[in-house]
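All remarks here apply to the structure that follows.
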There are 4 protein chains.
Amino acid sequence: MEPGERRAQILEAAAELFGTKGYHSTSISDIIAKAGIARGTFYLYFENKRAIFEELLDQLMKGIVARIRRVVLGASQPSAKEQMLANIHAVVELLSQRRSLLAILLEGAVGLDVGFNEKLASFYEQAIAMVERSLRLGKTMHLVRDLDTRVAALMAVGALKEILHDALRRGEEAPDARMLAEQALDILSRGLLVEGAQVS
Amino acid sequence: MEPGERRAQILEAAAELFGTKGYHSTSISDIIAKAGIARGTFYLYFENKRAIFEELLDQLMKGIVARIRRVVLGASQPSAKEQMLANIHAVVELLSQRRSLLAILLEGAVGLDVGFNEKLASFYEQAIAMVERSLRLGKTMHLVRDLDTRVAALMAVGALKEILHDALRRGEEAPDARMLAEQALDILSRGLLVEGAQVS
Amino acid sequence: MEPGERRAQILEAAAELFGTKGYHSTSISDIIAKAGIARGTFYLYFENKRAIFEELLDQLMKGIVARIRRVVLGASQPSAKEQMLANIHAVVELLSQRRSLLAILLEGAVGLDVGFNEKLASFYEQAIAMVERSLRLGKTMHLVRDLDTRVAALMAVGALKEILHDALRRGEEAPDARMLAEQALDILSRGLLVEGAQVS
Amino acid sequence: MEPGERRAQILEAAAELFGTKGYHSTSISDIIAKAGIARGTFYLYFENKRAIFEELLDQLMKGIVARIRRVVLGASQPSAKEQMLANIHAVVELLSQRRSLLAILLEGAVGLDVGFNEKLASFYEQAIAMVERSLRLGKTMHLVRDLDTRVAALMAVGALKEILHDALRRGEEAPDARMLAEQALDILSRGLLVEGAQVS
DNA sequence: TATGAATGAGTCTTCATTCAT
DNA sequence: TATGAATGAAGACTCATTCAT
């Protein structure tokens with residue numbers, strides 16, 4: 001077996017186990033059993049348990065980042081809505097292929113050593129910052145209301161995480177990804193209330 | 001020392017440690033060192049490590065549930081907005097007092113045995129269901145738009161979680177709780193976009 | 001409660017537990033729960049766990065020794081057989097009253113620290129020595145055959161222990177004590193074989 | 001070191017310790033120290049302390065059973081006495097090689113969890129049953145007297161146990177195995193008394 | 001005398017990691 | 001590269017014993 005292939009095989013096994021049982025409950029024994037390799041072989045490809053988890057996390061985060069395109073407005077571009085939908089959809093699709101890793105990301109299948117939590121936090125911080133930049137841009141273009149963009153970005157990311165999490169929990173029963181994305185975008189855009197309704 | 005007091009002292013130490021280091025990285029040795037008691041004493045008050053964590057989790061969940069009042073509409077009532085703000089504020093306040101427990105709830109300072117994750121999940125499910133009921137009610141009253149209440153509830157809870165999480169991470173630098181609550185409610189109500197704006 | 005009475009109450013509880021569950025599986029907690037006293041109270045009456053077990057063992061051994069009468073031959077005496085039967089019977093009776101202690105003696109409900117085994121061993125050694133003396137006497141009187149009295153004594157004691165052990169295991173279903181004693185004595189006296197039979 | 005060899009080495013160490021100090025007083029630390037291995041290595045070969053003890057017990061019991069041949073009468077056979085002697089001798093020899101295990105068997109170096117005592121009891125029950133069958137056969141052949149075979153079997157086994165136990169205690173000073181076996185068989189056969197002697 | 005909260009040494013067991021083959 | 005036996009630090013939990021009240 002080619003070395004790259006073997007590495008992938010181990011990563012694959014680990015991803016599934018970490019996603020299912022969490023980091024701590026997954027032992028090296030579990031991983032090597034699932035990968036069908038010997039104990040020592042594992043350490044030929046990864047420095048330690050922490051390293052393989054970290055690599056998986058990185059892989060996922062990079063995958064997400066790579067799939068997101070900045071929204072660009074212009075006559076020759078798809079509409080902003082289309083672009084945003086495309087972004088959401090791309091992420092959802094990636095995660096649906098790597099279901100086990102999603103759990104790590106969302107449930108923080110962690111509780112691990114401080115370092116990991118920081119890494120996760122910084123990833124979300126990036127996502128939030130990206131959304132916030134878009135909102136600020138929207139504001140200058142008078143598309144986005146005059147609101148606290150930081151808070152708004154947090155809420156947007158949080159809302160999407162929760163939807164993804166729910167879809168993960170539901171598995172096959174989850175609603176169609178595209179429809180979900182459209183609904184979410186609509187609610188984020190226009191809010192929950194009937195236009196002109198007064199709740200104050 | 002009074003027995004109830006000793007229990008509280010141990011719970012206190014454990015909460016802080018679990019919140020900071022997570023469940024797995026917190027050992028009984030850590031807890032008793034922080035609480036300043038002997039090893040055996042711990043087991044006088046708690047059956048095992050799992051039990052004290054569970055008690056902490058329950059305590060927090062019950063605290064939150066106890067602080068939330070159902071929104072009631074009527075001439076003699078505060079406005080719906082006031083009531084919702086009061087709810088959000090009450091929860092935020094509780095959590096700011098029990099900062100360490102908040103981490104458990106939000107970061108799922110967990111990755112623990114399956115049981116705990118289920119417990120957490122069921123708690124959130126309750127919260128989501130509660131919000132969804134409110135949204136459905138609002139719909140019949142023509143306050144809430146015609147939208148998928150499940151998705152909307154998920155988003156509302158997710159958005160609030162993320163705001164809380166951010167406030168936790170920021171510590172003292174976090175914005176004022178009341179102001180946050182108002183902004184969040186406004187964004188949820190009216191959405192991100194300028195009224196009448198077209199992004200499609 | 002009178003101090004002697006309280007002591008007896010604790011001994012009683014301990015005897016039953018040691019006999020049933022063995023020395024190691026019986027905890028101080030078990031004993032005080034059964035005796036209905038507080039933890040500290042136990043140590044008011046006994047120095048430690050070892051001490052109460054030792055006392056129980058001593059009590060039993062002394063009881064047995066006290067009940068055995070040396071066989072004396074003479075015109076004005078009951079027959080030797082009667083005297084031996086009386087001895088066996090006395091022991092059986094004592095043990096049937098203190099069933100739980102019997103288990104300690106026979107099963108060596110022990111496996112404990114070396115000291116106890118030595119104590120048990122020395123008790124049996126005494127019993128064997130006593131029997132051996134009787135056999136030697138019998139030999140000089142031409143009642144007992146010309147055999148190795150040490151081996152014979154060992155066998156007699158071993159045979160009786162096994163019968164008692166069996167009676168203990170059987171509980172209520174065990175045969176009548178007197179009948180058992182008679183049969184045992186008969187077999188010891190005349191052996192298993194038909195007189196004159198040749199197995200060689 | 002070959003895997004089987006390592007296992008044997010651990011069993012060896014454990015047997016000696018269990019035999020000397022008893023089950024409870026023997027810790028895993030004792031065993032690994034004596035075997036000269038690391039803590040984890042022990043658990044590579046045995047599931048837990050109980051498992052290694054059980055294996056030792058089984059090994060011994062099976063060894064004994066395997067060495068015993070049913071007594072068969074017939075012209076072409078060695079005499080019954082020879083066969084019985086051979087049985088006794090075979091057992092004694094096995095036990096003299098595995099001195100430490102003998103202690104477990106005889107002193108019930110136990111006092112352990114109920115399960116073990118039951119195992120021991122059932123082993124002895126088998127032995128007794130085997131002897132009883134032989135006695136019944138002897139009765140039909142008019143070799144054995146008209147006596148309660150159950151009681152007689154108990155006595156025979158008890159007598160032999162005690163002799164073995166004594167030999168164990170004495171160590172090197174114990175009489176020669178063959179001579180012991182002959183004496184025991186003689187006493188069992190013909191009893192203690194001079195033929196025709198009246199003790200009644 | 002009586003109590004029972006507190007103690008801490010000691011036990012079993014797990015598991016990430018190493019290293020000789 | 002691949003193996004898997006060996007390692008030992010670290011963890012959870014027990015329980016006989018003490019001592020202030």
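Residue numbers start from 1 in every chain, and the chains themselves are labelled A, B, ... in the order their sequence lines are given, proteins ahead of strands.
- What separates CD1 of A/Ile10 from C1' of F/dT3 is a distance of 13 Å, to the nearest Å.
- Distance alone, capped at 3.5 Å, places no donor-acceptor pair between the A/Thr41 side chain and the A/Ile37 backbone.
- Counted within 6.0 Å of CD on B/Gln97, heavy atoms from surrounding residues, nucleotides or ligands total more than 12; the atom is thus considered enclosed.
- Between B/Ala13 and B/Lys34, the shortest heavy-atom contact is CB-CG, 3.7 Å.
- F/dA5 atom P lies 17 Å from atom CD1 of A/Ile28, rounded to whole Å.
- Judged purely by atom type and a 3.5 angstrom limit, C/Thr26 uses its side chain to pair as donor or acceptor with the backbone of C/Leu17.
- Here the rule is side chain to side chain donor-acceptor pair (under 3.5 Å) with B/Gln9, and of B/Arg6, B/Glu5, B/Glu12 only B/Arg6 fits it.
- We find that NZ of A/Lys49 is positioned 15 Å from P of E/dT18, with the value rounded to whole Å.
- Atom CZ of B/Phe46 is separated from atom C1' of F/dT14 by 18 Å (rounded to the nearest Å).
- Distance C/His24 NE2 to E/dG10 C1': 13 Å, rounded to the nearest Å.
- Under a cutoff of 6.0 Å and an axis angle of 45°, D/Lys49 and D/Tyr23 form a cation-pi pair.
- When only modelled atom types and interatomic distance are considered, C/Ser29 and C/Arg39 share a side-chain donor-acceptor pair under 3.5 Å.
- Listed by residue number, the members of residues 34-44 of chain D with any heavy atom below 4.0 angstrom from DNA chain F are D/Ile37, D/Ala38, D/Arg39, D/Gly40, D/Thr41, D/Leu44.
- To the nearest 0.5 angstrom, B/Leu56 atom CG is 5.5 Å from B/Leu11 atom CG.
- One atom, CD1 of B/Ile52, and another, C1' of F/dG11, lie 16 Å apart when rounded to the nearest Å.
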Writing each nucleotide of DNA chain F 5' to 3' as (, ), [, ], | or . by Watson-Crick or G-U pairing under 3.5 Å yields .||||||||||||||||||||
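- Toward the 5' end of DNA chain E, the nearer of the two residues A/Glu47 and D/Glu47, judged by each one's closest nucleotide, is D/Glu47.
- Put simply, CD on C/Gln9 is 13 Å from C1' on E/dA2, counting in whole angstrom units.
- In this entry the distance linking OH of D/Tyr45 with P of E/dT13 reads 18 Å, nearest Å.
- Look at B/Arg7 and B/Glu55 and you find a salt bridge, because one of the NZ, NE, NH1 or NH2 atoms lies within 4.0 Å of a carboxylate O, short of that distance.
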